[in-house]
Amino acid sequence: MSKKIVLKIGGSLLFDKEYNIMHEKIVKFAEIIKDSDDIVAIIIGGGKLARNFINSARDLGANESLCDTFGIEVSRLNARLLITALKDLAYPDPITSLKDVRSFSLWNRILVAGGFIPGQSTTSVTFEIAESLDATDVIILTNVDGIYDKDPNKNLKAKKFDEISILDLEKVIYGETGNSQSAAGEYRIFDAVSLQILKRSHIQVRLSNGEDFKTLRKLLVDKAYESNIGTKILRNP
Ligand code: UTP
């Protein structure tokens, strides 16, 4: 059976330490996407620039909903950059709602989106679009190799999971506290909406490193779908 993949590119993959857009990375993503047959939609995060705007807005007295709106706007700008690099392969404007997903998918171009509405992350958008398009797979690209038992950026002894069940994933995300609250700009890798759709759908999910273009090509172009690249999420029996 052929795959229908929805790809999420974390915003952290697009900016350097000085908040400059890493143009050459967008070109590399576009090359791999062009060579892959299975990608139907791509969602881009807001990255550091979104967090910068969100923090400024919060300091100016914005409520969380308005802060989220800044994140959404920045992610849509990032989406427009990728569309520019993909040229005719992509639908020419960032997708902003599920209604547009349904209508514009009839054009048979790759749909590219940033955020949709306040109160969620671009990972939620990824799952919302995947469910709406009957996608078989979601691949989430971040700046680490997969899901770890602890934050790998803070803990050298963090251990990567090759596979993890949804149940264990929830334990890793929410820890012992069970706290699922998130402020604008601080949604975890899976927030409440994305977890909900993950649980009720049949979508296969994998997290992988979006900085390792060789491995990414192996996954998306050479279709190494059965490999141990990144972390695969196992559906509970
Ligand atoms: P994300 O936090 O999802 O982007 O969106 P990101 O930079 O890719 O995150 P990482 O790299 O996966 O960690 C940026 C911000 O935009 C708002 C939220 O405030 C979010 O933190 N947003 C995004 C929404 O409010 N609604 C959406 O549908 C998407």
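If you're wondering where the values come from, they're calculated on a predicted model, not measured in any experiment. Read the numbers this way: they start at 1 and go in the same order the structure lists the ligands and their atoms. The figures that follow rest on heavy atoms only: side chains count, while hydrogens, waters and symmetry mates do not.
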N/O of [X] under 3.5 Å from N/O of ligand 1, yes or no?
X: Phe116; result: yes
X: Gln120; result: yes
X: Gly10; result: no
X: Gly11; result: yes
X: Arg51; result: yes
X: Gly47; result: yes

Item checked: Option nearest atom 26 (N) of ligand 1 (shortest heavy-atom distance, choices Ile117, Ile54, Val193) -> Ile117

Notebook entry, point to check: Does the side chain of Asp68 pick up a donor-acceptor pair with the side chain of Ser65 at under 3.5 Å?
Noted result: no

Item checked: Neighbour count above 12 (heavy atom, 6.0 Å) for Phe15 CZ -> yes

Next item on the list: Decide yes or no for Ile203 and Leu198: does some side-chain heavy atom of the first lie under 4.5 Å from some side-chain heavy atom of the second?
Entry: no

Item checked: pair Ile26-Leu14: side-chain heavy atoms closer than 4.5 Å -> yes

Within less than 4.0 angstrom of ligand 1, does [X] place any heavy atom?
X: Lys48; result: no
X: Pro118; result: yes
X: Ser124; result: no

Notebook entry, point to check: Looking at Val138 and Ala130, what are the two nearest heavy atoms and their distance?
Noted result: CG2-CB, 3.6 Å

Margin query: Considering only residues two or more places apart or on different chains, which pairs with a residue in residues 105-140 satisfy ring pair (Phe, Tyr, Trp, His ring centres under 6.0 Å)?
Written below: Tyr91-Trp107, Phe127-Phe190

